[in-house]
Undergrad: 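Here it is, the structure, as structure tokens.
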Protein chains: 2
Amino acid sequence: MSNSKLYKGSLNTIILKLLDEQGKMYGYEITQKVKALTKGELQITEGALYPALHKLEAEGLLDVEVAKVDNRLRKYYKLTEVGEKETINRLAELEEFIRSMQNIVNPNWSIN
Amino acid sequence: MSNSKLYKGSLNTIILKLLDEQGKMYGYEITQKVKALTKGELQITEGALYPALHKLEAEGLLDVEVAKVDNRLRKYYKLTEVGEKETINRLAELEEFIRSMQNIVNPNWSIN
DNA sequence: ATATATACATAATTTTCTTATGCATAATAA
DNA sequence: TTATTATGCATAAGAAAATTATGTATATAT
């Protein structure tokens with residue numbers, strides 16, 4: 001909600017990171033997971049999420065597997081081999097970005 | 001350079017934060033300060049910076065003062081009273097965002 | 001019956017960048 | 001001395017990445 005306008009550019013990396021640690025996830029599950037991890041701070045909108053998933057798939061970073069659970073459709077996404085390698089790079093970049101931001105907004109913070 | 005695509009949405013807050021702690025700064029100075037603070041990681045482009053400064057001014061958050069130094073033009077920006085109040089809010093939001101990102105990419109990090 | 005949760009999708013629009021360009025002066029390197 | 005780099009501003013065109021608004025459909029809770 002309040003911070004929803006701030007995660008621009010990092011959504012793709014968030015998706016990759018979650019898939020890396022969870023193995024496979026479906027779209028709705030990702031939105032709920034992020035909400036839980038951030039105590040409601042980051043709300044990923046569907047209009048951002050689904051196009052992002054489709055793009056990552058088109059880029060060859062994700063594979064899809066359709067399932068039907070409780071008569072409802074689910075599309076499970078998981079990292080391809082290329083996707084796993086990309087995830088490492090993008091995560092490193094995002095972590096560096098976070099450190100840079102901290103150096104600006106609060107140089108006193110220490111990160112361990 | 002490498003991370004330049006990641007700071008979308010946070011540039012305004014960075015500007016406000018720097019002006020809050022430095023009192024007044026001119027555009028070029030801001031780009032150099034950010035570069036120094038982030039060891040070259042974040043490069044603020046002029047095409048992003050100047051429109052952002054103009055917009056913040058139009059919103060009433062910044063005041064401008066033109067100076068001529070070494071026969072070159074400088075536009076010093078500083079926070080208005082409204083700008084100072086906004087800075088507090090936006091900084092809090094950005095810090096919360098950074099914490100949220102950390103909860104996702106590295107839940108083991110502790111921040112002090 | 002109605003609202004909320006689950007689950008996907010896309011189109012229109014807006015925001016916010018990047019890239020490219022332009023002007024001008026000062027300092028430094030070739 | 002001439003070319004490049006640094007300093008300093010600005011804006012236009014285009015791309016990227018969101019938001020907002022829809023749309024479809026099933027399940028569950030009130």
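In what follows, every chain begins at residue 1, and chains take the letters A, B, ... in the order their sequences are listed. Here the structure is a predicted model, which is why all the values come from computation and not from measurement.
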Undergrad: Check which hydrophobic residues are tied to B:Val69 through side-chain heavy-atom contacts below 4.5 Å, counting indirect links as well, and list them.
TA: none
Undergrad: Cut-off 3.5 Å, no hydrogens considered: what does the side-chain donor-acceptor table look like for residues 20-27 of chain A, sequence neighbours left out?
TA:
residue, atom, partner, partner atom, Å
A:Glu21, OE1, A:Lys17, NZ, 3.4
A:Tyr26, OH, A:Arg74, NH2, 3.3

Undergrad: How close or far is atom P of C:dC17 from atom CD of B:Glu46, stated in whole angstroms?
TA: 15 Å
Undergrad: Mind checking if A:Gly47 touches a base, just sugar-phosphate, or nothing, with heavy atoms under 4.0 Å?
TA: base
Undergrad: Figure out the CD/C1' separation between A:Gln32 and C:dA7, and round it to whole Å.
TA: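 After rounding, the gap between these two atoms is 11 Å.
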Undergrad: Sequence neighbours left out, what pairs pass ring-ring contact (aromatic ring centres under 6.0 Å, His included) with at least one residue falling in residues 34-66 of chain A?
TA: none
Undergrad: Would you kindly give the CD-to-P distance between B:Gln43 and C:dT19, to the nearest whole Å?
TA: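 Distance, rounded to whole Å: 12 Å.
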Undergrad: Rounded to whole Å, please give me the gap between CG in A:Leu11 and C1' in C:dT16.
TA: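 Atom-to-atom, A:Leu11 to C:dT16, this comes out as 16 Å.
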Undergrad: Roughly how many Å is it from CD1 in B:Ile30 to P in D:dA10, rounded to a whole number?
TA: 11 Å
Undergrad: Which residues in residues 50-59 of chain A have a heavy atom closer than 4.0 Å to any atom of DNA chain C?
TA: A:Tyr50, A:Pro51, A:His54
Undergrad: Tell me every residue that passes side-chain contact (heavy atoms from CB on, under 4.5 Å) with A:Asn12, counting only those two or more places apart in sequence or in another chain.
TA: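 side-chain contact (heavy atoms from CB on, under 4.5 Å) list for A:Asn12, sorted by chain: A:Ala52, A:Leu56, A:Arg90.
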Undergrad: Tell me the interatomic distance from B:Asn12, atom CG, to D:dA18, atom C1', rounded to whole angstroms.
TA: 15 Å
Undergrad: Which residues in residues 68-80 of chain B have a heavy atom closer than 4.0 Å to any atom of DNA chain D?
TA: B:Arg72, B:Leu73, B:Arg74, B:Lys75
Undergrad: Backbone N or O of A:Gly60 within a donor-acceptor pair of the A:Thr80 side chain at under 3.5 Å?
TA: yes
Undergrad: Would you mind reading off the distance between A:Ile14 atom CD1 and D:dA17 atom C1', rounded to a whole angstrom?
TA: 13 Å
Undergrad: If you group Ile, Leu, Val, Met, Phe, Trp and Tyr whenever their side-chain heavy atoms sit less than 4.5 Å apart, what else falls in with A:Val66?
TA: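 Listed partners: A:Leu73.
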Undergrad: Give a yes/no on whether any side-chain N or O of B:Tyr26 is located under 4.0 angstrom from OP1 or OP2 of D:dG8.
TA: yes
Undergrad: Not counting sequence neighbours, which residues clear side-chain contact (heavy atoms from CB on, under 4.5 Å) with A:Asn89? List them please.
TA: A:Glu86
Undergrad: Taking only residues at least two apart or on different chains, which pairs with a member in residues 29-40 of chain A satisfy salt bridge (Lys or Arg N to Asp or Glu O under 4.0 Å)?
TA: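 Salt bridge (Lys or Arg N to Asp or Glu O under 4.0 Å) check on residues 29-40 of chain A returns no pairs.
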Undergrad: Kindly work out whether a path of hydrophobic side-chain contacts (I/L/V/M/F/W/Y, heavy atoms less than 4.5 Å apart) joins A:Leu91 to A:Val82.
TA: yes
